[in-house]
> 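Before we start, here is the structure in question, set down as structure tokens.
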Amino acid sequence: MAEYNFREVEKKWQKVWADQHIYRADNQSGKPKFYALDMFPYPSGAGLHVGHPLGYIASDIVSRYKRLKGFNVLHPIGFDSFGLPAEQYAIQTGQHPAITTEQNIARYKEQLKNIGFSFDWEREVQTHTPVYYRWTQWIFMQLFNSWYNKETDKAEPVESLVALFEAQGNETVQAECDDDTPLFSAGEWNSWSPEEQLKVLLHYRLTFPSEAVVNWCTALGTVLANDEVKDGVSERGGHPVERKKMKQWMMRITAYADRLLKNLQDLDWSEPMKDMQTNWIGKSFGCELQFKVDKSDRVLTAFTTRPDTIYGVTFMVIAPEHEWIDELTTPGQEPVVKEYVNAAVNRSERERQMDVKSVTGVFTGSYAINPFNQEPIPIWVADYVLAGYGTGVVMAVPSSDDRDYRFAKHFELPVRLVIDGTQDMEDPTEKKHGIMINSGILDGMDSKKAVQKAIEHAEKEGFGKAKVNFKMRDAVFSRQRYWGEPVPAYFKDDLPYLIEEKELPLELPAIDQYRPTETGEPPLGRAKDWTYKGYPIELTTMPGWAASSWYFLRYMDPGNDQAFAQKEVVDYWGQVDLYLGGTEHATGHLLYSRFWNMFLFDRGWIGHEEPFKKLINQGMIQGRSNFVYRVVMQDSAGEDNKTVKTPEVFLSKGIVDRIEKSNLTRAEKEIIEKLVNERLGEFNAKNGTDWTIKSIDSAKISPMHVDVSLVNNDVLDTEAFKNWRPELNEAIIIPEADQTYLCGYEIEKMSKSKYNVVNPDDIIDRYGADTLRLYEMFLGPLEQFKPWNTNGIDGVFKFLRKLWHLFHSNEGEFIVTDDAPSPQELKILHKTIKKAQEDIENYSFNTSVSEFMICVNELSALKCHKRGILQDLVVIISPYAPHIAEELWHKLGNTDSITQTTFPEFNASFLVESEHEYPVSVNGKMRAKMSFPLDMPKDDIEKQVLASEAIQKWLDGKSPKKVIVVPKKIVNVVV
RNA sequence: GCGGAUGUGGCGAAAUUGGUAGACGCACUAGACUUAGGAUCUAGCGGAGCGAUCCAUGGGGGUUCGAGUCCCUCCAUCCGCACCA
């Protein structure tokens, strides 16, 4: 029987597509555009596993579909090729990271090309190449040269800020700037030296060097961004992270906090994803209140969202890092405060997070004055107050905040109730809102109104003002690494200057070793002559997110050496219409990209504010690990007698289960023990040992990962298993009664060490790329997390074979006829067209594959080999299985690529039924099925239903109360 | 603790959005063919029962002629955030 030769067919068409540039996207077109983007991969040394292509397959299906629907489609791919693993490999081997990176990219490309994606490879970008990072550096320079004008609500060139300073100083300028920016007049500004002016401007630039507390990871030798730290350890590698003050380049992303938040509303992203970003930005409304410190000139400013509870303030708490601590501490309290502050500061971030429950703190000895009632309130220090949020000062209201409450209880500080109804409550913090009591001017007001009233009062009296706070911090932009973009800046007298634009790219210098220098400087400190005009160049490099924050723009115009992309071209392609990638980038890449895109928009280089119109998060494909069950042999000499050769005995899963549940019958037990001992006897004879198993149910059994490629449907290939590793050559395998050895399984992350990695190349080799594509989609909803299980793949493989046989006889002859399709065949086809179209537009690819299977099954049953049906069928299947579709398309006599045809319109008239089969139910239970013409009036249907014998039986002599007829759905008789 | 999601056969999953629950596929069972195979075809396949029929969508309650779908409540699993004042 002549079978479909997928190997030959797939290779053939992949070559033709590449040779003829079938998927080249044009920057000018009369067609509407569609931009389908995947999150580009980091090319790791392990290569692709079957989980990686999931999103690419989905976006490829959409891309191919959109082409058939007449769109000019941009569907690019590239590589995020700066990164830590290549650098660590370089540190170990001394090999330049570019070499490893490029090898990995070559491997990735080969794997990707095998799957038959319709990528426009001519637009490929690699972020580690100077032609690319030249523009990453260029964007950095523009950020340095910009400030954020709150009045116009956008970024502007620094020149406009300088003009304002020259005219009016900075008191009236509405700009995003550091909190410690000094105030000055126009006269002062104009009297300053250029250096003094530059120093001031650093407070305003969108990127700037700053002495900042950062997440320092000693093991990795670099700082990490907040989103790269999880639970106090590094996201990559899980190394401990500590807080450390270092000179760092920062990005003033906080300037965009409000817009990043506001724009989320209009994005077609999933709600959970928007929630995550909203949460991360963490906007809260409230006010700052000033508390005079008793017997001092100092004024503590506290941020609160609940100024209405001001009369409930019974103490203040400041962060251990607060700069006035020494000043506020009275001599008597000095020893305990010093001790506490030292302990708190030395505790790592991790330790602090580990016990959020325990209450610690000390009294400073000083008092602050509540500005509303002039009451003195004690000032404490506690590490539950974060230096980085708000002002690092909290006005504690133990009656409405549970942390304050726990603190007050622990240190026996007073609790004053300010909300009516909390008097009888065990924990007053459970009632957050109500009528104010014990609250002076706020008494009797609703708490929500009182918030406004309190702010108004504070503003009028001059000791407070309304204030919005964000959780989001400015982003640290420096990494103490080699394998990243050099920062195009140098230092002269401690002031940063940019190198000239014409000097870009500032290429990575060669160095002899890739580790930090002996003096603790970043690896670039090893470079010879790393200077510009004789001044030292910045030694840190950019973080991973720099390159990925704008790559989607570079795809539009990848060869441009005059600009990162030509404005007209960017305006043509505009927003990414569909962006596919994992949820893990919610607070990293997706936020930074929006930030940079917005900045480029503000400055007029691109015409759209938000980069990604629609976002879909594909779920991760997990690994399905298989286990074998090894009997731990014990002899009289002890468990680990290394001098004697130990047999490897493996029990099948079914036996292990029954042993664990003590379900083995005596007879079974004896059979198994006899079998094991027989085999052990053979082993003993050969090796001169004397192993035996006395009692199978007291044997110690340990599960062991076994390579999933040795297992099929959880049945172990025992011969392959014995050849897997030398020590298994003589393995004793105890199977089930039917002689198969069953393995156990567990769902885990795919990883080499668990032997559960499935390589797409192996699947393609055995089943072909089309099968892989179909099967990945068939596996379940795109957005769901799901384990890979090769078991079901036969089904889709059979489907392709059946499709092939609609066109070919068993002998391999092409048997398509020109007979006119029957109404029944047309109905099958058009039903499938409709479903396929709806499914792609709703991104539910799994049900589409099922629909194709049903369609092919039905046509096979009808022995339909008609061109009029099959021609359209291959077109609608082509986005999923492009190779076989292209082959069949050409066999049908077409000479162009199937990509160049159009998606068939479904004809609704083929789908209309003249009769409909109504399920008829009595009291909501289905009792019969009856067919009626579609246009039959409800009354007539009702009469016929009631007259029918089947229903009379159910009515049982009673008369119906009512009869409900829902057109095309159901007839319900209520008794 | 806060926020979000999910829960349907042995397994992956469908369900026209309130209308015949389990489509399609895997696995399994029986049969056919056979050059004996990891091929193909036919039939069966949630549970109970010979059957008519009854019971089943995490548990309990509610709305409705009718609930996997809507409401309330509890439980379980997964994912984010986590002292954010």
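Computed from heavy atoms alone, side chains included, the values below leave out hydrogens, waters and symmetry copies. Order of the sequence lines fixes the chain letters, A, B, ..., with proteins taken first and strands second; residue numbering starts at 1 for each chain.
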> What's the gap between B:U16 and B:U6 when it is taken at their P atoms, as a whole Å value?
15 Å
> Across all strands shown, which nucleotide pairs with B:U35 by Watson-Crick or G-U wobble geometry, both distances under 3.5 Å?
none
> Can you identify which nucleotide, out of B:A85, B:C24, B:C41, has its nearest atom closest to the A:L386 side chain?
B:A85
> Between A:V849 and A:P781, just flag the one whose closest nucleotide in RNA chain B comes earlier from the 5' side.
A:P781
> Within 90° of 0 counts as syn, otherwise anti: where does B:G9 fall?
syn
> With rounding to the closest Å, how many angstrom separate the P atoms on B:C11 and B:C28?
15 Å
> Nearest to the side chain of A:K786, heavy atoms from C-beta on, is which of B:C24, B:A13, B:A85?
B:A13
> If we take the C1' atom in both B:A43 and B:C79, what is their distance in whole Å?
44 Å
> What distance, rounded to whole Å, do you find between the two C1' atoms, one in B:C41 and one in B:C33?
8 Å
> Would you say a side-chain N or O of A:Q784 is under 4.0 Å from OP1 or OP2 of B:A13?
yes
> For atom P, what is the distance between B:G3 and B:C24, given to the nearest Å?
42 Å
> Please give the distance between the C1' atoms of B:G47 and B:G22 as a whole number of Å.
13 Å
> Could you pull out the closest heavy-atom pair between A:W280 and A:L591, with the gap in Å?
CD1-CD2, 3.4 Å
> Which one, B:C83, B:C81, B:U20, comes nearest to the side chain of A:P919?
B:U20
> Please determine, for B:U42, whether a Watson-Crick or G-U wobble partner exists with both distances under 3.5 Å, and give it or none.
B:A30
> Is the base of B:U17 syn or anti, if syn means a glycosidic angle within 90° of 0?
syn
> Does any nucleotide pair with B:G19 by Watson-Crick or G-U wobble geometry, both distances under 3.5 Å, and what is it?
B:C65
> B:A15, B:C24, B:A85: which one has an atom nearest the side-chain heavy atoms of A:Y389?
B:A85
> With respect to the side chain of A:Y384, which nucleotide from B:C83, B:A15, B:G4 is positioned closest?
B:C83
> Send over the distance from A:H585 NE2 to B:G80 P, rounded to a whole Å.
13 Å
> SG/A:C743 to CG/A:N626 distance, rounded to the nearest 0.5 angstrom?
5.0 Å
> Indicate whether OP1 or OP2 belonging to B:A85 is found under 4.0 Å from a side-chain N or O atom of A:S284.
yes
> When rounded to the nearest Å, what value does the distance between C1' atoms of B:U69 and B:U64 take?
13 Å
> Using whole Å, report how far CG of A:L800 lies from P of B:G25.
14 Å
> Can you name the nearest heavy-atom pair linking A:V849 to A:M777, along with the distance?
CG2-CB, 4.1 Å
> What nucleotide among B:U20, B:C24, B:A13 has an atom nearest to a side-chain atom of A:N857?
B:C24
> Give one of base, sugar-phosphate or nothing for A:N846, where a contact means two heavy atoms less than 4.0 Å apart.
sugar-phosphate
> Report which part of the nucleic acid A:K283 touches: base, sugar-phosphate, or nothing (heavy-atom distance under 4.0 Å, all strands).
nothing
> What integer distance in Å separates A:N791:CG from B:A13:P?
14 Å
> Using the side chain to side chain donor-acceptor pair (under 3.5 Å) rule, take A:T583 and A:N617 through it: C-alpha gap first, then chi angles, then the decisive distance, then the call.
CA-CA 6 Å; A:T583 355; A:N617 302 113; 5.1 Å; no
> Could you give the distance from NZ (A:K448) to NE2 (A:H433), rounded to the nearest 0.5 Å?
5.0 Å
> Any chance you could measure A:D770, atom CG, to A:Y4, atom OH, to the nearest 0.5 Å?
5.0 Å
> Can you check the distance between B:A14 and B:U63, where both ends of the measurement are the P atom (answer in whole Å)?
31 Å
> Figure out the CG/C1' separation between A:D839 and B:A14, and round it to whole Å.
11 Å
> Has A:K274 got more than 12 heavy atoms of other residues, nucleotides or ligands less than 6.0 Å from its NZ?
yes
> Measure CD/A:E851 against P/B:G25 and give the value in whole Å, please.
12 Å
> Can you tell me which nucleotide in B:A15, B:U40, B:G4 comes closest to the side chain of A:R801?
B:U40
> In whole angstroms, how far is the C1' atom of B:U6 from the CD atom of A:Q622?
13 Å
> Do A:Y775 and A:W788 make the cut of ring centroids closer than 6.0 angstrom?
yes
> Of the listed nucleotides (B:U20, B:C83, B:G25), which one gets closest to any side-chain atom of A:F778?
B:G25
> Whole angstrom is fine here: how far is it from NZ in A:K835 over to P in B:U16?
9 Å
> What's A:I964 touching, base or sugar-phosphate or nothing? Going by heavy atoms closer than 4.0 Å.
base
> Taking A:I793 as the fixed residue, which of A:L779, A:T771, A:L774 is the one that meets the side-chain contact (heavy atoms from CB on, under 4.5 Å) rule?
A:T771
> Pairing check on B:G1: which nucleotide meets the Watson-Crick or G-U wobble criteria with it, both distances under 3.5 Å?
B:C81
> Could you tell me the Watson-Crick or G-U partner of B:A13, where both distances fall under 3.5 Å? Say none if there is no partner.
none
> At under 4.0 Å between heavy atoms, what does A:S921 touch on the DNA or RNA strands: base, sugar-phosphate, or nothing?
nothing
> Which residue, A:F303 or A:W280, contacts RNA chain B at a nucleotide closer to its 5' end, judged by nearest heavy atom?
A:W280
> Counting the atoms with a prime plus P, OP1 and OP2 as sugar-phosphate, which does A:E271 contact under 4.0 Å by heavy atoms, base, sugar-phosphate, or nothing?
nothing
> Rounded to whole angstrom units, what separation is found between the CE atom of A:M276 and the C1' atom of B:A82?
14 Å
> Side chain of A:K798: nearest nucleotide among B:G4, B:C26, B:A85?
B:C26
